[in-house]
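Inspection log for the structure reproduced underneath, given as structure tokens.
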Amino acid sequence: MNISGSEAVIKSLLKENVDTIFGYPGGAIMPIYDALYNYVNKINHILTRHEQGAIHAAQGYARVSGRTGVCFATSGPGATNLITGLNDALIDSTPVVCITGQVPSNLLGTDAFQESDVIGISMPVTKWNHQITNSSEIVEILSKAFYIAGSGRPGPVLIDITKDAQFSKTKFRYKKCEKIRSYHPYPVLKSEKINDAAKIINQAKKPLILVGQGVLLSKAENELIKFSEITGIPLASTLLGLSAVSCDHKNYVGYLGMHGNYGPNLKTNEADLIIAIGMRFDDRVTGDTTKYAVNAKIIHIEIDPSEIDKIIKTDVAINADAKEALIDLNKIVQKNSHEKWINEFRKCDKLEFDKIINKEINGSYDKLSMAEVIHKISEFTKGKSIIVTDVGQHQMVASRYYKFKEPNSNITSGGLGTMGFALPAAMGSKIGNPNRDVIAIIGDGGIQMTIQELATISQYNIKVKILILNNNFLGMVRQWQQLFFDNRYSFTEMKNPNFNKITDGYRIKNKKLEKREDLDKVIKEFIEYDGPYLLNVIVEKEENVFPMVPSGESVSNIRLE
């Protein structure tokens, strides 16, 4: 049947089982919004208050649901407002399809009103992008877009559709894309590589598994745990790999990275084998690469061939889906135990507890500490909530002190480090998994970058919990200024607004928490309230996050104070 290009867009989304769109209308995408009007009983649209909010919400939706997020934006500034989110999604391997409107094709290149070269601008920050100027392309291109976004190493795709293509008629016959010539998202697993890896694993005395987000993306959590339990090898997690393994698993030894746990960072340079699974050796994990894993052979399991040998040279490179590789490894690795090696991590845990954790969670500061607030939330939720963090000190504290028990529970901006990510991503996370509690943990700096999304939360009654850890500083930058720039606090102190009055304006329940004696009662109310709730917690102003690996130094130089 012949339908408008705009209707073909909506019907294509329905064929891809899209149930939610995050977006913001405008002139160049108005025909698509007009077509959407007839399908509001079949597809949910969330009107965000900024296009950056739309794409971060789509990211949160994708991360918790395992599906591809979708967002709409108009041309020009609407489209360019997506760029930060596209870059974030690319680095963190999040499947998102963004559809933008564009000026009519006869006006392309004329600097028409709200025209921008979004294809040129977005090319470096998308897995694929394409401009449609003829309605006959719409169905095929959208089918390809979803296949590319969700296959192999996931990532963002942007499709730009001119206004005349939205208006003109086309035939609608939808066929899901299952293959594209020259695009091979799933590498063929080589059995000889599995055999080579197994030989090294069976001989290792001090092996360590590094768990990345690729484990979650390939849904390989059970295979990973089985692998660790057969071999007895300890597990450490990257920031994005958090929640792939329950924090109370007997072989879990902690969180890697600049502000990660003492043991896994320190012991990296004592290990004789590093097995990296679905991670890319980010600089926050490796520190100085010339002094990283100096005694270890490296086995790298990674679906994206461009990440193998890019930063750390491997001894055995397994270019494969993590789940597929682990299934095969589990068939041939030998039963083993590394209790003595794991006990070395436990000694580090005790040292870290005595020097840092005990002080931070047991009220040794005059004001509340970030750690004791997160620790209390972790206890109340039993580690089963979805935690969405922004970027800064609060992000590192949440990663350290929230004890994740279930997969896909840690949603954060890892590679790009986008302030303003958490509030809209929490909205999308709650819509993507409405049966789980979602808690956004945000600093007083990050909340002000996308605070307008409180209006979206209010309008749609999205039942997210919003925790502001408020220290009137850009805390992470201030910590660096204190430690490495002789206490010169150059433009990091903030005179904040009254967050509670602002939240009143959005008609969202809220409270301010300052006193330690009120912590239990208020956190209980915050968690149990049936609706959106913002809690503004005044915390210690100049609290630092330790341990810390100074930027560019060896992980062996991790500091406890």
Side-chain angles (χ1 to χ4, degrees), residues 3-65 67-79 81-82 85-86 89 94-102 118 132 138-139 142 145-146 149-150 156-161 163 165-167 172 174 423-434 438 450 452-464 506 532:
I3 59 175
S4 70
S6 297
E7 189 173 6
V9 170
I10 305 304
K11 290 177 77 69
S12 296
L13 297 180
L14 289 170
K15 289 290 187 181
E16 291 290 342
N17 297 315
V18 172
D19 59 15
T20 302
I21 300 163
F22 303 91
Y24 203 98
I29 199 170
M30 204 176 297
I32 290 176
Y33 269 91
D34 185 64
L36 179 60
Y37 189 83
N38 295 322
Y39 291 87
V40 290
N41 62 331
K42 293 184 178 180
I43 198 163
N44 186 30
H45 181 276
I46 302 296
L47 174 64
T48 60
R49 296 308 189 264
H50 193 284
E51 292 86 358
Q52 184 176 347
I55 187 165
H56 288 331
Q59 288 177 270
Y61 174 95
R63 295 267 287 271
V64 302
S65 70
R67 304 170 68 184
T68 297
V70 177
C71 67
F72 285 175
T74 195
S75 64
N81 281 341
L82 298 175
L86 288 168
T94 306
V96 178
V97 170
C98 298
I99 296 173
T100 55
Q102 184 55 275
V118 68
I132 295 174
I138 287 174
V139 174
L142 285 181
F146 278 89
V157 170
L158 183 140
I159 305 300
D160 193 46
I161 309 176
K163 200 168 184 179
Q166 297 173 46
F167 276 123
F172 185 80
Y174 199 84
L423 189 61
M427 301 185 319
S429 296
K430 184 62 178 177
I431 292 168
N433 197 331
V438 174
T450 49
Q452 68 274 10
E453 298 307 333
L454 288 174
T456 311
I457 290 168
S458 177
Q459 178 172 343
Y460 297 98
N461 192 33
I462 303 171
K463 297 179 181 181
V464 295
Y506 287 114

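Note that the structure is predicted; figures quoted are calculated from it, not measured.
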What residues form a side-chain contact (heavy atoms from CB on, under 4.5 Å) with [X], not counting sequence neighbours?
X: Asn81; answer: His50, Glu51
X: Pro434; answer: none
X: Asn461; answer: Lys463, Pro532
X: Thr68; answer: Pro95, Val97, Phe146, Ala149

[X]: which residues meet the side chain to side chain donor-acceptor pair (under 3.5 Å) condition with it, sequence neighbours left out?
X: Glu7; value: Tyr39
X: Thr100; value: Asp160
X: Thr456; value: Glu453
X: Lys42; value: none

[X] side, atom [atom1]; [Y] side, atom [atom2] - distance, nearest 0.5 Å:
X: Ser12; Y: Ile99; atom1: OG; atom2: CD1; answer: 8.5 Å
X: Ile462; Y: Leu423; atom1: CD1; atom2: CG; answer: 9.5 Å
X: Ile55; Y: Thr48; atom1: CD1; atom2: OG1; answer: 11.0 Å
X: Ile21; Y: Ile43; atom1: CD1; atom2: CD1; answer: 3.5 Å
X: Met30; Y: Leu36; atom1: CE; atom2: CG; answer: 13.5 Å
X: Ile32; Y: Leu13; atom1: CD1; atom2: CG; answer: 8.5 Å

Using a 4.5 Å cut-off on heavy atoms from C-beta on, say whether the side chain of [Y] contacts that of [X].
X: Cys71; Y: Leu82; value: yes
X: Ile457; Y: Gln459; value: no
X: Cys98; Y: Leu86; value: yes

If you take all heavy atoms of [X] and [Y], which pair is closest and at what distance?
X: Val464; Y: Ala426; result: CG1-O, 3.4 Å
X: Ala79; Y: Val118; result: CB-CG2, 3.6 Å
X: Ala165; Y: Ile161; result: CB-CG2, 4.0 Å
X: Ala73; Y: Ile29; result: O-CD1, 3.3 Å

* Using modelled atom types only, decide if a donor and an acceptor are shared between the side chain of Gln166 and the backbone of Ala28 within a distance under 3.5 Å. => yes
* Asked: Is the backbone N or O of Ala425 less than 3.5 Å from a side-chain atom of Ser429, with the two atoms forming a donor-acceptor pair by type?
  -> yes
* To do: Determine, step by step, whether Ile431 and Phe22 satisfy the side chain to side chain contact (heavy atoms under 4.5 Å, CB included) criterion, reporting the C-alpha distance in whole Å, the side-chain angles of both residues, the deciding distance to 0.1 Å, and the verdict.
  => CA-CA 11 Å; Ile431 292 168; Phe22 303 91; 3.8 Å; yes
* To do: Kindly state each residue pair satisfying side-chain hydrogen bond (donor to acceptor under 3.5 Å, both in side chains) with at least one member in residues 13-23, sequence neighbours excluded.
  => Glu16-Tyr174, Asp19-Tyr61, Asp19-Arg67
* Asked: Which residues satisfy the ring-ring contact (aromatic ring centres under 6.0 Å, His included) test with His45, sequence neighbours excluded?
  -> Tyr33
* To do: Apply ring-ring contact (aromatic ring centres under 6.0 Å, His included) to Tyr24 and list each qualifying residue two or more places apart in sequence or on a separate chain.
  => none
* Mind running side chain to side chain contact (heavy atoms under 4.5 Å, CB included) on Leu47 and Tyr460 for me, showing each step along the way? => CA-CA 9 Å; Leu47 174 64; Tyr460 297 98; 3.4 Å; yes
* Determine, stepwise, if the pair Asn38 / Ile10 fulfils side chain to side chain contact (heavy atoms under 4.5 Å, CB included). => CA-CA 10 Å; Asn38 295 322; Ile10 305 304; over 6 Å; no
